[in-house]
Structures are given as C-alpha cells and as structure tokens.
There are 2 protein chains.
Amino acid sequence: MHTLSKNQQIIFDLIDKSPEPMKAYAILFNVQKKGIKAPLQVYRALDKLVEIGKIHKIESRNAFIACQNSSCQVSKATAFSICEICEKVTEISSASLSKYLTNFKDKDGMKYSKYNLEFFGLCKKCR
Amino acid sequence: MHTLSKNQQIIFDLIDKSPEPMKAYAILFNVQKKGIKAPLQVYRALDKLVEIGKIHKIESRNAFIACQNSSCQVSKATAFSICEICEKVTEISSASLSKYLTNFKDKDGMKYSKYNLEFFGLCKKCR
DNA sequence: TACATAGTGTTATATTATAACAATTTAAAT
DNA sequence: ATTTAAATTGTTATAATATAACACTATGTA
Ligand SMILES: [Zn+2]
Ligand SMILES: [Zn+2]
Ligand SMILES: [Zn+2]
Ligand SMILES: [Zn+2]
C-alpha cells in the first residue's frame with residue numbers, strides 16, 4: 001500500500017471530489033489556497049498519482065479523473081466513455097472488454113498488456 | 001472525394017512521407033520553406049486532415065500520422081500500437097477488433113461508433 | 001452575378017508541460 | 001542512533017502545444 005505525500009493527497013482529494021475530469025491548471029487554481037503555488041508541484045503529484053493508478057489521464061482532453069475502479073491500482077489498462085456534449089467521463093470496467101484487449105494479437109502476433117481506450121458518444125442525459 | 005487545399009496538401013505530403021508521427025511544430029519547421037509560417041496555418045490543416053480521415057492524432061503523443069488504412073476515410077474508429085522505446089506507431093486494422101469495439105455495450109447498454117484505442121508495448125525491433 | 005462556404009495570412013495570446021537547481025522530508029540500512 | 005539513499009518539495013524560468021480575433025482571398029454554386 002502506498003501512503004500519499006501531502007501534495008499528492010491534496011490533489012487527489014480535489015480530483016476525487018470532482019464530478020468531472022479536471023485540468024492541471026484548474027487544479028492549480030483550486031489548491032493555491034492550500035499552498036501549492038506552481039504548475040510543477042501539480043504536475044509532479046499528477047505524475048505520481050497516475051503512476052500508482054489513483055487517477056487516470058483522459059488523453060483526448062488533457063484532464064485527470066480519479067480511478068472509479070478499485071481494482072485498477074497500478075494498471076495501465078484503461079477504458080473510458082466520453083460524452084461529446086457535456087464532457088462527462090465514465091471509467092468502463094468490463095471484464096470481457098479487458099480480457100478481449102489484453103488477449104488481442106496484432107498482425108505480428110504481438111499482445112499488449114497496456115492500453116488506453118476512449119469511446120466517444122452522447123451520455124444518457126444528452127441524448 | 002475531397003481535393004485538398006494547398007496547405008493541406010503540403011502538410012499531408014510531409015506527414016505521409018514521415019516514417020513516424022510528426023508533432024505540429026516539427027511540421028511547421030519543415031514547411032516554412034514552402035511559405036507556411038504560422039502555427040495556426042499548420043493546426044488548421046491538421047484539423048481538416050483529421051476530420052476527413054487522411055491523418056490521425058496520436059493523443060498520448062500529441063503527434064500526427066497518415067492513415068495507413070485506406071478504408072478509414074471519415075472514420076473516427078482508430079487503433080494504434082505504440083512502441084514505448086522507439087516510439088514507432090502502427091495503425092491497427094483488424095476487422096474483428098473494430099467489430100468488437102463498435103458492438104461493445106457499456107453498463108447502460110450504450111454503443112459507441114467512435115473510439116480511439118492506443119496499445120503500448122515494445123515493437124519487434126525493440127524486444 | 002450574387003451568395004455562401006472554405007481557406008489563407010497575420011499578430012497576439014492562451015494553455016499545457018518541463019528544465020534546472022537547491023533544500024527538505026521520509027524510509028531504510030548499518 | 002547515524003548514515004545513506006530515495007522521494008518529495010519549493011522556486012524561477014522556459015518550452016511545447018494550441019487557439020482567438022480579424023481581415024482578406026479563393027472556390028463552388030444558384
Ligand atoms: Zn481505474
Ligand atoms: Zn452528456
Ligand atoms: Zn486510419
Ligand atoms: Zn520499438
């Protein structure tokens with residue numbers, strides 16, 4: 001188990017409370033009152049939190065979301081659905097999907113244990 | 001069929017010749033001798049080329065690659081493998097993968113016709 | 001022609017992310 | 001307990017990625 005440092009905990013708590021993915025400078029703005037003043041302090045905490053699987057980066061949005069899948073602690077095998085209207089992001093936790101992807105073989109017979117999948121569409125509310 | 005504008009053609013030709021994904025400012029540097037001087041000119045052409053499916057953005061790398069899959073002309077359903085050492089990127093064109101993903105239903109029974117999948121690992125040469 | 005749509009050129013600026021260096025804290029190892 | 005290594009922090013500066021706003025030009029179509 002991993003105990004978070006002060007900055008890591010502050011930033012994780014903020015992201016974890018947020019109903020939507022947060023961008024790095026929005027995080028910075030929000031934690032300035034807690035003494036975190038510089039972008040680098042935010043990015044360092046983000047890097048570590050991603051590395052240990054507590055948060056994930058939504059690559060197409062340059063934004064960060066808390067892991068919604070308790071089993072994902074170090075995993076780099078992630079899947080999300082993203083609403084193109086309201087930008088709601090949901091982490092997909094599907095055993096059959098992850099099984100399919102980790103077993104997928106490319107033309108050369110190569111398998112991949114790390115992947116990131118982003119689905120785009122409209123969420124329930126926006127349809 | 002779509003006929004590319006001057007800037008779009010210049011930038012597409014450059015990306016299409018490149019053996020690896022190109023970043024926007026590397027593109028800019030390379031096309032300055034052809035009269036394209038400003039980032040915005042590059043980004044506008046990139047946006048259009050992505051929109052019509054001639055190129056794809058590798059989101060985790062902020063880089064652009066020509067479509068290696070002649071059937072992808074407007075599609076937003078893309079999959080790539082990325083070598084974590086040499087950064088070689090290959091577009092995956094697998095009927096079974098695309099079928100699996102377009103038919104995938106999330107917890108709410110929702111399907112997605114748009115997705116982007118990036119696999120990470122080591123290419124043949126780097127293993 | 002007249003009109004709409006797409007593309008261009010340009011300057012300025014916003015957003016996202018890292019380099020480099022010094023100091024401090026934490027956790028382990030002797 | 002002391003030494004050592006690893007991780008974290010604080011700070012300033014800067015690099016890399018991307019868009020806003022405005023004026024103008026080309027292209028296709030009615
Ligand atoms: Zn997760
Ligand atoms: Zn929505
Ligand atoms: Zn393609
Ligand atoms: Zn490689």
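All chains are named by letter (A, B, ...) in the order of the sequence lines, taking the proteins before the strands, and each is independently numbered beginning at 1.
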From A:Asp106, A:Thr102, A:Asn103, residue fulfilling side chain to side chain donor-acceptor pair (under 3.5 Å) relative to A:Tyr112: A:Asp106
Is any side-chain heavy atom of A:Phe80 closer than 4.5 Å to one of A:Asn116? yes
Heavy atoms, side chains only, cut-off 4.5 Å: are A:His56 and A:Val50 in contact? no
Taking only side-chain nitrogens and oxygens of A:Lys57, does any of them come within less than 4.0 Å of OP1 or OP2 of C:dT16? no
Taking CG from B:Leu49 and P from C:dT8, how many angstroms apart are they, rounded to a whole number? 10 Å
C:dA17 phosphate, OP1 or OP2: any side-chain N/O from A:Asn62 under 4.0 angstrom? yes
Stretch residues 4-25 of chain A: residues that reach within less than 4.0 Å of DNA chain D through a heavy atom: A:Ser5, A:Lys6, A:Asn7, A:Gln8
Cut-off 3.5 Å, no hydrogens considered: what does the side-chain donor-acceptor table look like for residues 35-45 of chain B, sequence neighbours left out?
{"unit_1": "B:Gln41", "atom_1": "OE1", "unit_2": "B:Lys37", "atom_2": "N", "d": "2.9"}
{"unit_1": "B:Gln41", "atom_1": "OE1", "unit_2": "B:Ala38", "atom_2": "N", "d": "2.9"}

Show which residues join A:Leu122 in its hydrophobic cluster (side-chain heavy-atom contacts under 4.5 Å, direct or indirect), or state none. A:Ile85
Do B:Leu4 and B:Ile11 come close enough that some side-chain heavy atom pair is under 4.5 Å? no
For B:Lys23, enumerate each residue passing the salt bridge (Lys or Arg N to Asp or Glu O under 4.0 Å) test, keeping only those at least two apart in sequence or located in another chain. none
Would the distance check show the side chain of A:Gln68 and the main-chain N or O of A:Thr90 forming a donor-acceptor pair, the cut-off being under 3.5 Å? no
Rounded distance (Å) that lies between atom P of C:dA17 and atom CZ of B:Arg61: 13 Å
Using 4.0 Å as the upper bound for N to carboxylate O, is an ion pair formed by B:Lys114 and A:Glu84? yes
Take the protein atom CG of A:Asp47 and the nucleotide atom C1' of C:dT18, then report the distance between them rounded to whole Å. 10 Å
Given atom NZ of B:Lys48 and atom P of C:dA6, what is their separation to the nearest angstrom? 6 Å
Distance check needed: C:dT16 P versus B:Tyr43 OH, whole Å only. 12 Å
Classify the ring geometry between A:Phe119 and B:Phe104 as parallel (under 30°), tilted (30 to 60°) or perpendicular (over 60°). parallel
With each end axis built from five pairs of C1' atoms, what bend angle do you get for the helix from C:dT1-D:dA30 to C:dT30-D:dA1? Round to 10°. 40°
Nucleotide range of DNA chain D lying under 4.0 Å from chain A heavy atoms: D:dT8 to D:dT12
Treat each ILVMFWY residue as a node, draw an edge where side-chain heavy atoms are under 4.5 Å apart, and state whether A:Ile65 and A:Ile27 are in one component. no
